[in-house]
Amino acid sequence: MWRARPLLVLLLHVVAEIHALRYSNGYYYQIIENGKANGEIYFNGIRLHVESPESSVSAMQGSNVTLPCHYRYVPELSTPRRTRVKWFWQPATGGGPEKDVMVALGSRHRSYGDFRGRVRLRRSAPGDASLVINPLLIDDKGRYRCEIIDGLEDESVIVELEFRGVVFPYYSPRGRYQLTFQEANEVCEQQGACLATFEQLFAAWEDGLDWCNAGWLADGTAQYPVSVPREACGGTELAAGVRSYGLRHKTLDRFDTFCFTSSIRGEVYFLDHPLKLNFTEGVDACVQDGAHIAKVGELYAAWRFVGLDQCDAGWLADGSVRYPITHPRPNCGPLEPGVRSFGFLPHHLKYGVYCHKVRW
Ligand SMILES: *[C@@H]1O[C@H](CO)[C@@H](O)[C@H](O)[C@H]1NC(C)=O
Ligand SMILES: *[C@@H]1O[C@H](CO)[C@@H](O)[C@H](O)[C@H]1NC(C)=O
């Protein structure tokens, strides 16, 4: 092997020579040092920096989001350069190929695919190449790359986009541990949500979610979050944490489920009504108010992100009766904030009702 060394060194030397001078756009770029790893390139002693103050941004479905990306030349340039900005996207799961989001050169820009018409550059200051997405769709989740192209050189930074949301446990009206994986998917969708991922359940556990029944997650495992180990909940031998039953059989095994919702479109409210209502009257009363009876996911999102706090039990679309508490107080359930549930009740019983009104 050692014999090959002198030749290798020589080759590297030649390559380095070739790359030392590049002709591009009428400028000679002398690359003094290639600093690709830290988002900088150098030419004629001038460096292009590309940076993002946040490597991860979280937002809610239906809202707008700005993915920050800034570039600057050091030392500052007196004449503006024709700098091209390109944004790419890669889905969060599966790691498929990068797709084009948009490209911009001066005032000209173009967006691609599902992003068409929903993205623009913020351009709030020179060097601001931040991407604004409005409205944000659930499939936009993933890894974004901001690439700045100056002549032959390009530098980029990565910004991850995550969804802020709330995880809630859910079980079938038929009872505990009744849902196959497929059914778990369906009931979450019916509540305006989707199956939670392990990362989402873990984040919810960090926020204090404690639930003693195992539920399906999107990856086909069944798990449950425990904050305070106790005898009635798997015993005190195991530490607090998210406990897993591992991958389960999708059609033979039955559990509850954990749903995730990230939507704040519209408003959830307790209907101001002189009388208590049975379930069918509740459904009708929301319609008469120009709304719909709220889904469980919508109530959780309103509780978590709008701070809905109402010590009145009300019907929801699935025939369950619940109420949201952000400021715990006497006669309004336990000491922790949460959505209190009476479970599924016979439809003739009389309660209030929670409605959901969409505002566009
Ligand atoms: C974007 O969201 C902010 C709040 O995060 C809001 O104030 C602003 O009006 C929104 N802009 C658009 C164009 O929807
Ligand atoms: C609710 O009350 C209405 C009368 O106001 C009645 O017609 C309806 O059958 C009741 N629904 C249920 C589920 O009991």
Side-chain angles (χ1 to χ4, degrees), residues 166-196 211-216 254-261 263-326 328-334 337-360:
V166 55
V167 170
F168 59 93
Y170 196 80
Y171 61 91
S172 165
R174 301 193 308 266
R176 292 288 186 187
Y177 286 181
Q178 294 294 319
L179 302 168
T180 64
F181 180 74
Q182 179 61 31
E183 288 165 346
N185 242 315
E186 286 163 11
V187 294
C188 286
E189 261 174 43
Q190 283 158 12
Q191 299 318 311
C194 58
L195 268 182
W211 196 255
C212 209
N213 294 87
W216 287 105
R254 290 173 185 271
F255 293 99
D256 295 344
T257 184
F258 290 99
C259 307
F260 174 82
T261 183
S263 185
I264 42 164
R265 187 165 277 180
E267 182 198 0
V268 173
Y269 57 97
F270 183 76
L271 185 68
D272 188 10
H273 197 278
L275 301 173
K276 299 268 189 212
L277 308 165
N278 68 28
F279 178 69
T280 40
E281 289 167 336
V283 170
D284 293 345
C286 285
V287 171
Q288 272 162 28
D289 205 44
H292 288 286
I293 188 167
K295 296 173 178 173
V296 175
E298 291 161 350
L299 184 68
Y300 267 93
W303 163 73
R304 183 74 173 74
F305 298 110
V306 188
L308 188 64
D309 182 286
Q310 184 90 37
C311 198
D312 296 285
W315 287 109
L316 294 172
D318 64 346
S320 64
V321 170
R322 303 176 196 241
Y323 63 97
I325 295 296
T326 45
R329 51 197 181 275
N331 304 318
C332 298
V339 172
R340 325 295 194 206
S341 177
F342 293 8
F344 300 96
L345 295 181
H347 286 187
H348 66 269
L349 296 181
K350 303 263 186 174
Y351 285 98
V353 64
Y354 286 92
C355 308
H356 176 238
K357 195 176 277 186
V358 179
R359 285 167 300 146
W360 293 95

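Both counts, for ligands and for their atoms, begin at 1 and track the order of listing. All residue numbers refer to positions in the sequence shown, counting from 1. Note that these values count all heavy atoms, side chains included, but never hydrogens, waters or copies made by symmetry.
- Only side-chain heavy atoms of Glu281 come within less than 4.0 Å of ligand 2; its backbone N, CA, C and O stay farther off.
- For atom 9 (O) of ligand 2, no protein non-hydrogen atom is found at a distance below 4.0 Å.
- Residue contact check: Asn278 has heavy atoms under 4.0 Å from atoms 1 (C), 2 (O), 3 (C), 8 (C), 10 (C), 11 (N), 12 (C), 14 (O) of ligand 2.
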When you look at Gln191 and Tyr300, which way does the side-chain contact (heavy atoms from CB on, under 4.5 Å) test go after all the steps? CA-CA 10 Å; Gln191 299 318 311; Tyr300 267 93; over 6 Å; no
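- Relative ring orientation between Tyr323 and Phe342 is described as perpendicular, the plane-to-plane angle rising above 60° on a 0-90° scale split at 30° and 60°.
- Applying the salt bridge (Lys or Arg N to Asp or Glu O under 4.0 Å) test to Glu281 and every residue at least two apart in sequence or in another chain returns Lys350.
- In summary, the atoms of ligand 2 found under 4.0 Å from a heavy atom of Thr280, numbered by their order in the structure, are 1 (C), 8 (C), 10 (C), 11 (N), 12 (C), 13 (C).
- Defined by atom type and a distance below 3.5 Å, a donor-acceptor pair is missing between the side-chain atoms of Glu186 and Gln190.
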